[in-house]
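The next block holds one structure in the form of structure tokens; read it before the comments.
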2 protein chains.
Amino acid sequence: MTSETKKPERLTRIQRENRTRIREAALEAFSRNGFRGTTLDQIATLSSLSKPNLIYYYKSKEDIYLELFVSLLDQWLEPLVALNIEGDPIEEILSYVRVKLALSRDKPRESRLFANEVLRGCPRIAWFIKKDLKNVVEEVEAKFQHWIDEGKIAAINPRHLLYSIWAVTQHYADFESQITLLQPNKHETFAEAEIYVEQLFRGILTPRNA
Amino acid sequence: MTSETKKPERLTRIQRENRTRIREAALEAFSRNGFRGTTLDQIATLSSLSKPNLIYYYKSKEDIYLELFVSLLDQWLEPLVALNIEGDPIEEILSYVRVKLALSRDKPRESRLFANEVLRGCPRIAWFIKKDLKNVVEEVEAKFQHWIDEGKIAAINPRHLLYSIWAVTQHYADFESQITLLQPNKHETFAEAEIYVEQLFRGILTPRNA
DNA sequence: GTCTATACAAAGATAGAC
DNA sequence: GTCTATCTTTGTATAGAC
């Protein structure tokens with residue numbers, strides 16, 4: 001715990017600003033072009049810094065890339081672990097769906113960054129999937145199963161429920177370019193999506209007895 | 001119509017075989033690494049042909065890439081246009097869902113190839129989305145709307161229904177690496193998925209009166 | 001038709017001046 | 001801390017022998 005990593009603390013204002021500008025530029029580039037498709041020149045141009053200066057702040061291209069995942073994964077896991085087993089099951093789940101859809105609307109680049117990595121077989125974040133994400137997923141699955149056992153939601157496969165929530169919500173970020181080409185008005189798309197996804201998941205979650 | 005393109009006809013057996021081997025190798029590489037991430041060396045190694053020989057058969061890397069999309073897009077559109085407006089609406093739609101899910105299981109590379117391209121903003125296939133796909137989508141939307149008007153399926157947004165079918169089914173191909181890291185048994189995953197997606201879409205399609 | 005050798009450009013990273 | 005110049009590697013594509 002004796003600060004082996006020197007990154008977070010004791011940075012000048014300029015250092016903090018520059019690192020932030022680099023991350024912003026890198027997110028823009030990596031999310032659109034993937035790791036291999038992104039060049040340090042692009043990041044340098046977008047951040048208005050020189051290429052060597054980038055390497056002064058981050059020791060390699062991969063270093064910048066990996067740092068972007070830290071904040072992304074935090075953001076994505078937080079609402080998942082927040083699922084409250086004491087709350088109303090359907091409202092808890094729908095609330096998670098809404099958060100995730102809002103993330104697709106407001107932070108689509110983060111979603112595309114993740115999709116890029118997974119499409120390639122998770123070469124750089126497999127460690128995270130196997131440990132942290134797997135644990136969280138199993139906890140969530142247990143909560144869903146608990147609600148199923150109590151008859152509060154329909155008897156469905158809890159894991160695939162989670163997959164389909166991810167799939168449907170992230171689709172609006174990851175396939176944004178396709179959607180835009182088919183239907184140019186982004187605001188309208190998300191307004192419709194909010195209504196639709198609620199119907200979709202309410203439809204499968206609602207128990208079929210009463 | 002006077003054969004300007006010399007590709008299809010009049011090829012020797014060796015030429016046909018080599019072109020096929022190149023396409024197979026290119027699909028493997030492009031689907032995993034994207035356009036920029038794929039090198040001619042990789043394709044050459046995978047196809048057991050020399051790099052210059054590749055360029056003998058296809059005039060450029062991009063040429064190989066584009067040809068892969070032709071067969072992919074055919075495959076994807078065919079079951080969409082086959083939606084029969086005379087058939088039972090819910091069964092017609094569920095049947096399309098099953099076909100699409102089977103494509104994710106049996107041809108995941110094609111799905112990833114497409115996802116890669118769309119993630120990057122469709123730089124090379126925007127023309128196709130804006131013309132062919134847009135037309136097909138509008139036809140499908142009209143069929144869905146017709147069924148809604150007749151009260152045979154629930155009143156939902158037809159376009160987002162289509163998006164969610166794509167999202168959920170393609171997720172099993174595009175995010176296969178994530179799913180495998182979370183749950184190694186592929187066969188089991190698809191067996192569960194078949195049941196789940198049917199429940200999911202039946203849930204939203206079934207009218208809420210009777 | 002297929003290969004070896006190579007031209008030419010782009011990209012990641014470093015050296016060293018300021 | 002930041003820049004110019006440069007090293008090194010890799011990648012697309014071509015030339016020309018066989």
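Only heavy atoms go into these numbers, but all of them, side chains included; no hydrogens, no water, no symmetry mates. Order of the sequence lines sets the chain letters (A, B, ...), proteins ahead of strands, with each chain counted from 1. Just so you know, these numbers come straight off a predicted model, no measurement behind them.
- Cation-pi geometry between Lys107(A) and Trp76(A) is not met at under 6.0 angstrom from the ring centre and within 45 degrees of the axis.
- In this structure, the nucleotide among dT14(C), dA13(D), dG11(D) sitting nearest to the side chain of Pro52(A) is dT14(C).
- Nucleotide dT9(D) holds its P atom 16 Å from the CG atom of Asp41(B), rounded to whole Å.
- Cation-pi geometry between Arg124(B) and Tyr65(B) is met: under 6.0 angstrom from the ring centre, within 45 degrees of the axis.
- The residue among Asn53(A) and Arg36(A) whose nearest nucleotide of DNA chain D lies closer to the 5′ end is Asn53(A).
- Remark: P of dG11(D) and CD1 of Ile43(B) are 12 Å apart, rounded to the nearest angstrom.
- Nucleotide dG11(D) holds its C1' atom 13 Å from the CG atom of Leu54(B), rounded to whole Å.
- A close approach under 4.0 Å does occur between a side-chain nitrogen or oxygen of Tyr57(B) and OP1 or OP2 of dT2(C).
- Under the 6.0 Å distance and 45° angle rule, Arg120(A) does not count as a cation-pi partner of Phe35(A).
- Side-chain polar atoms of Tyr57(A) and Asn18(A) form a donor-acceptor pair below 3.5 angstrom.
- With rounding to whole Å, Tyr58(A) atom OH is found 14 Å from dT2(D) atom P.
- Heavy atoms of Leu49(A) sit nowhere under 4.0 angstrom from any nucleic acid atom.
- Regarding contacts with the backbone of dC3(D), a side-chain N or O of Ser50(A) is found under 4.0 angstrom from either OP1 or OP2.
- Between Leu40(B) atom CG and dA9(C) atom P the separation is 18 Å, expressed in whole Å.
- Protein atom NZ of Lys51(A) is 12 Å distant from nucleotide atom C1' of dT8(D), rounded to whole Å.
- The nearest whole Å value for the distance from the CD1 atom in Ile55(A) to the P atom in dC7(D) is 19 Å.
- Atom CG in Asp63(B) sits about 14 Å away from atom C1' in dT12(D), given to the nearest Å.
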